[in-house]
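Worksheet: one structure, shown below.
All values below were derived from every heavy atom in this structure, side-chain atoms included, with hydrogens, water molecules and symmetry-related copies excluded.
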Amino acid sequence: MKPTEFEQFLKFAEDQLSNKSDSQKIQAFTSWCKKNNTEEVILRLSSEDKGGWGKNFFFLDFTTSRIIVSKKRFFRKFLDLGYVAGMAPFPYMIFSNKLKASDIRKQALINPLDILENDPTNFFISYSDIQEIVIRKGAETIVRNMLGTMITKNFLTVRTTATTSKTYNYVLPANKNGTFEEMYYWLSIALPVKVSANYG
């Protein structure tokens with residue numbers, strides 16, 4: 001979505017959004033995108049697996065119609081774009097007075113089709129194929145690093161329907177994705193599938 005298209009949404013929904021809660025505003029944005037055949041990223045979470053220098057780094061992009069899983073390019077591992085609790089720029093702007101469309105860097109805008117075309121190993125899971133998403137607080141995985149601070153990792157599991165019967169597991173570093181409560185709240189609000197929380 002381009003900033004001009006987002007401005008169209010704001011003009012269209014100006015009267016409707018004024019008295020709505022943040023969650024209702026996001027749902028209105030999602031509905032508008034679907035009605036206009038526009039796929040837009042709502043949430044982006046960072047995921048990593050394994051340890052040390054052998055870590056695998058992924059983005060989990062939750063769009064209006066699917067989850068896109070993409071491997072981060074080498075430099076993106078170090079220059080990761082941070083979103084507020086995973087919220088992508090346009091959805092975040094709907095309920096925040098801190099940003100304007102002109103403030104958003106071009107690099108922060110994500111085109112779902114570009115993600116899939118950039119690397120043949122990237123793939124997606126349609127919401128229609130998902131039975132449940134479970135986000136789990138990783139209290140038992142807390143470790144102490146060399147500086148003596150606590151590092152927490154959360155976990156996200158995607159279970160597909162009986163047709164495919166697949167399970168996808170992802171590790172979510174807490175310092176890149178906001179708090180567990182924020183992640184669970186926005187996932188449960190923004191996605192058209194069942195999202196469950198396990199507090200460990």
Side-chain angles (χ1 to χ4, degrees), residues 1-47 58-70 72 76 79-119 122-130 132-133 135 156 158 170 172 176-195 197:
M1 178 178 289
K2 297 176 182 176
T4 52
E5 294 173 311
F6 181 68
E7 294 290 348
Q8 289 176 8
F9 164 74
L10 292 180
K11 287 178 183 176
F12 166 79
E14 187 175 6
D15 295 334
Q16 302 175 35
L17 295 180
S18 58
N19 296 322
K20 291 187 182 292
S21 66
D22 289 348
S23 59
Q24 290 172 323
K25 290 176 182 178
I26 295 301
Q27 290 167 344
F29 178 65
T30 301
S31 298
W32 183 85
C33 288
K34 289 179 180 176
K35 199 179 216 180
N36 289 274
N37 294 317
T38 301
E39 184 179 16
E40 180 63 23
V41 174
I42 304 298
L43 300 165
R44 166 173 274 192
L45 298 177
S46 288
S47 171
F58 298 93
F59 282 129
L60 304 177
D61 288 303
F62 299 85
T63 78
T64 47
S65 59
R66 55 189 170 177
I67 303 171
I68 300 177
V69 180
S70 59
K72 294 183 191 177
R76 291 296 293 280
L79 301 172
D80 197 353
L81 292 172
Y83 292 150
V84 178
M87 188 67 64
F90 286 140
Y92 179 64
M93 282 178 55
I94 295 171
F95 56 85
S96 171
N97 297 321
K98 297 178 182 177
L99 281 178
K100 296 178 181 176
S102 57
D103 295 331
I104 298 177
R105 292 180 298 157
K106 187 179 179 182
Q107 300 93 314
L109 300 178
I110 312 160
N111 183 330
L113 294 178
D114 289 345
I115 299 170
L116 293 169
E117 291 173 0
N118 282 340
D119 187 333
N122 296 344
F123 67 96
F124 69 89
I125 311 164
S126 296
Y127 292 134
S128 58
D129 293 332
I130 294 175
E132 182 184 29
I133 293 174
I135 182 169
L156 185 138
V158 179
Y170 299 99
L172 307 176
K176 289 186 180 179
N177 295 307
T179 68
F180 178 84
E181 289 73 20
E182 287 173 323
M183 285 190 294
Y184 170 60
Y185 175 77
W186 287 117
L187 285 168
S188 62
I189 290 300
L191 306 188
V193 296
K194 181 183 178 185
V195 180

Interatomic spacing from NZ in K35 to OG1 in T30 - rounded to 0.5 Å: 14.0 Å

Under the side chain to side chain donor-acceptor pair (under 3.5 Å) test, residues paired with T64 that sit two or more places apart: none

D129: side chain to side chain contact (heavy atoms under 4.5 Å, CB included) partners, not counting sequence neighbours: S126

From F90 atom CZ to I42 atom CD1, the distance as rounded to the nearest 0.5 Å: 11.0 Å

Reported CZ-to-CG distance for the pair F58 and N122, which is rounded to 0.5 angstrom: 9.0 Å

Distance, nearest 0.5 Å, that separates OG of S31 from CG of N36: 11.0 Å

Pairing residues for Q8 by the side chain to side chain donor-acceptor pair (under 3.5 Å) criterion, not counting sequence neighbours: none

Any side-chain heavy-atom pair of Y170 and V69 under 4.5 Å: yes

Under the side chain to side chain donor-acceptor pair (under 3.5 Å) test, residues paired with Q27 that sit two or more places apart: none

Within 6.0 angstrom of D114 CG, more than 12 heavy atoms from elsewhere: yes

Minimum heavy-atom distance between N177 and R44, given as atom pair plus value: OD1-O, 4.4 Å

Which atom of K20 lies closest to which atom of Q24, heavy atoms considered: CA-OE1, 3.4 Å

Derivation and outcome, side chain to side chain contact (heavy atoms under 4.5 Å, CB included), residues I130 and L191: CA-CA 11 Å; I130 294 175; L191 306 188; over 6 Å; no

Backbone of V41 reached by a side-chain donor or acceptor of D61 within 3.5 Å: no

For F124, all residues meeting ring-ring contact (aromatic ring centres under 6.0 Å, His included), sequence neighbours excluded: none

Atom pair CZ (F6) and CH2 (W32), whose distance is rounded to the nearest 0.5 Å: 9.0 Å

Nearest non-hydrogen partners of V193 and Y127, listed with the distance: CG1-O, 3.6 Å

Heavy-atom side-chain contact between I133 and I67 under 4.5 Å: yes

For S23, all residues meeting side chain to side chain donor-acceptor pair (under 3.5 Å), sequence neighbours excluded: S21

Nearest-0.5 Å distance that lies between atom OG in S46 and atom CZ in F59: 5.0 Å

Exercise: identify the closest heavy-atom pair between L45 and L156: CD1-CD1, 4.3 Å

Shortest non-hydrogen contact between I135 and M183, atoms and distance: CD1-CB, 3.8 Å

Over all atoms of both residues, closest heavy-atom pair of L172 and S47: CD2-CB, 4.3 Å

